[in-house]
Amino acid sequence: MKKINLAGQEVFLGNIFCIGRNYLDHVKELKNANPSEPVVFLKPSSALIQTGEMIRLPDFSQDVHHECELVVYIKKDAFNVTQESAMDHIGGYAIGLDLTARDIQNQLKSKGLPWTKAKGFPTSACLSHFISPEEVENINAEKFYLNVNGQTRQQGNTEHMMFSCAYIISYLSRIYGLQAGDIIYTGTPAGVAAIQSGDELELILSDKISTKFSVA
Ligand code: MG
């Protein structure tokens, strides 16, 4: 079982949930329809890498995109929780990348098939360490950035999420159930683009987290 860094402590990783189409500007750039409920997919835990490990591009894709996202750590089981109590289940926040083989995803979408091959390859879930929720005054107004080779490619603010953290946790708790150790990638803003071998990616969560990943 994989372990992840939560405020300096090692904790076990559970499921990796991801929310798609949660920022309107990104929905528009990919010409997708607005979702009426969260779009949910999962990545295998073998997809996860943390600061210090390198991104490896899969040989079956020619177009791997970065998607910079706020990531939430679930510290206690959640089944059928309300939005009001949802935030009590959060054990930390991190910044991460939901790497996506866009060419493969487009092929799968056109056939009506699941996206797993496009989203689940090794190193496709990049993750910083988690900070404790007490360090974040208002998670619904946090800025985050992705710089590639020193240039800002994505900038987001969690205030633009169509489904808030509380809504997502309540929703996932009703439809799937959440367990301690699960993490949730909460969706990406506009600006997604391809990464290449040799690129240096810097992920920033306001003034709280800054981490780097290189592409092998
Ligand atoms: Mg994403």
| Looking at L97, V71, T51, which one forms a side-chain contact (heavy atoms from CB on, under 4.5 Å) with C126? |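 Only one of L97, V71, T51 forms a side-chain contact (heavy atoms from CB on, under 4.5 Å) with C126, namely L97.
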Tell me whether [X] contacts the main-chain N or O of [Y] through its side chain, where contact means a donor paired with an acceptor under 3.5 Å.
{"X": "K119", "Y": "K43", "value": "no"}
{"X": "D199", "Y": "Q196", "value": "yes"}
{"X": "H89", "Y": "D77", "value": "yes"}
{"X": "D182", "Y": "N15", "value": "yes"}
{"X": "D63", "Y": "R102", "value": "no"}
{"X": "S197", "Y": "A216", "value": "yes"}
{"X": "N32", "Y": "V27", "value": "no"}
{"X": "E142", "Y": "E137", "value": "no"}
{"X": "N140", "Y": "E159", "value": "no"}

Reported [atom1]-to-[atom2] distance for the pair [X] and [Y], which is rounded to 0.5 angstrom:
{"X": "K117", "Y": "L108", "atom1": "NZ", "atom2": "CG", "answer": "7.5 Å"}
{"X": "I209", "Y": "I95", "atom1": "CD1", "atom2": "CD1", "answer": "7.0 Å"}
{"X": "I195", "Y": "S214", "atom1": "CD1", "atom2": "OG", "answer": "10.5 Å"}
{"X": "S36", "Y": "N34", "atom1": "OG", "atom2": "CG", "answer": "9.5 Å"}
{"X": "Y167", "Y": "T82", "atom1": "OH", "atom2": "OG1", "answer": "13.0 Å"}
{"X": "Q151", "Y": "E200", "atom1": "CD", "atom2": "CD", "answer": "14.0 Å"}

Are [X] and [Y] side-chain neighbours, meaning at least one heavy-atom pair lies under 4.5 Å?
{"X": "H66", "Y": "L146", "value": "yes"}
{"X": "S206", "Y": "V136", "value": "no"}
{"X": "C68", "Y": "Y145", "value": "no"}
{"X": "V72", "Y": "I183", "value": "no"}
{"X": "F41", "Y": "D98", "value": "yes"}

Heavy-atom neighbours of [X] [atom1] exceed 12 at 6.0 Å:
{"X": "F79", "atom1": "CZ", "value": "yes"}
{"X": "E10", "atom1": "CD", "value": "yes"}
{"X": "K2", "atom1": "NZ", "value": "yes"}
{"X": "K109", "atom1": "NZ", "value": "yes"}
{"X": "Q9", "atom1": "CD", "value": "no"}

Item to check | Aromatic ring pairing F17/Y176, orientation class (parallel under 30°, perpendicular over 60°, tilted between) | outcome: tilted
Check your understanding: Run the salt bridge (Lys or Arg N to Asp or Glu O under 4.0 Å) check on D88 and K75 step by step: do they pass?
Key -> CA-CA 9 Å; D88 301 341; K75 69 175 178 185; over 6 Å; no
The single option from Y185, F12, F130 that satisfies ring-ring contact (aromatic ring centres under 6.0 Å, His included) with Y73 is F130
Criterion side chain to side chain donor-acceptor pair (under 3.5 Å) against T188, the qualifying member of Q154, H26, E67:
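Per the side chain to side chain donor-acceptor pair (under 3.5 Å) rule, the option paired with T188 is Q154, out of Q154, H26, E67.
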Which of these, N149, N147, T211, sits in a side chain to side chain donor-acceptor pair (under 3.5 Å) with E202?
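Result for side chain to side chain donor-acceptor pair (under 3.5 Å) with E202: N147.
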Let me check something: do [X] and [Y] share a hydrophobic cluster, defined by ILVMFWY side-chain heavy atoms less than 4.5 Å apart, either directly or through other members?
{"X": "V81", "Y": "V40", "answer": "yes"}
{"X": "I4", "Y": "L99", "answer": "no"}
{"X": "L127", "Y": "V64", "answer": "no"}
{"X": "I139", "Y": "L203", "answer": "yes"}
{"X": "V39", "Y": "F163", "answer": "no"}

Q: Output, in order, the C-alpha distance, side-chain angles, deciding distance and verdict of side-chain contact (heavy atoms from CB on, under 4.5 Å) for I74 and I169.
A: CA-CA 9 Å; I74 298 298; I169 290 168; 4.1 Å; yes
Exercise. Please lay out, stage by stage, how T158 and F144 fare under the test side-chain contact (heavy atoms from CB on, under 4.5 Å).
Key: CA-CA 8 Å; T158 55; F144 58 99; 4.1 Å; yes
If you take all heavy atoms of [X] and [Y], which pair is closest and at what distance?
{"X": "A166", "Y": "A86", "result": "O-CB, 3.5 Å"}
{"X": "M87", "Y": "Y93", "result": "CE-OH, 3.6 Å"}
{"X": "G120", "Y": "P44", "result": "O-CG, 3.4 Å"}
{"X": "E53", "Y": "F213", "result": "O-CD2, 3.5 Å"}
{"X": "P189", "Y": "G156", "result": "CG-CA, 3.8 Å"}

Apply side-chain contact (heavy atoms from CB on, under 4.5 Å) to the pair Y171 and E37, showing each step before the final yes or no.
-> CA-CA 9 Å; Y171 177 86; E37 63 182 306; 2.6 Å; yes
| Could you walk me through whether D103 and S61 pass the side chain to side chain donor-acceptor pair (under 3.5 Å) check? | CA-CA 7 Å; D103 47 355; S61 171; 2.7 Å; yes
Item to complete: Check the pair Y23 / M161 against side-chain contact (heavy atoms from CB on, under 4.5 Å), numbers first and verdict last.
Response: CA-CA 5 Å; Y23 288 80; M161 288 166 77; 3.1 Å; yes
- Item | Step-by-step side chain to side chain donor-acceptor pair (under 3.5 Å) determination, S173 to S170 | CA-CA 5 Å; S173 82; S170 173; 4.8 Å; no
Note to self: As a quick check of understanding, evaluate side chain to side chain donor-acceptor pair (under 3.5 Å) for T100 and Q105, giving each step before the final call.
What the structure shows: CA-CA 8 Å; T100 304; Q105 187 190 33; 5.5 Å; no
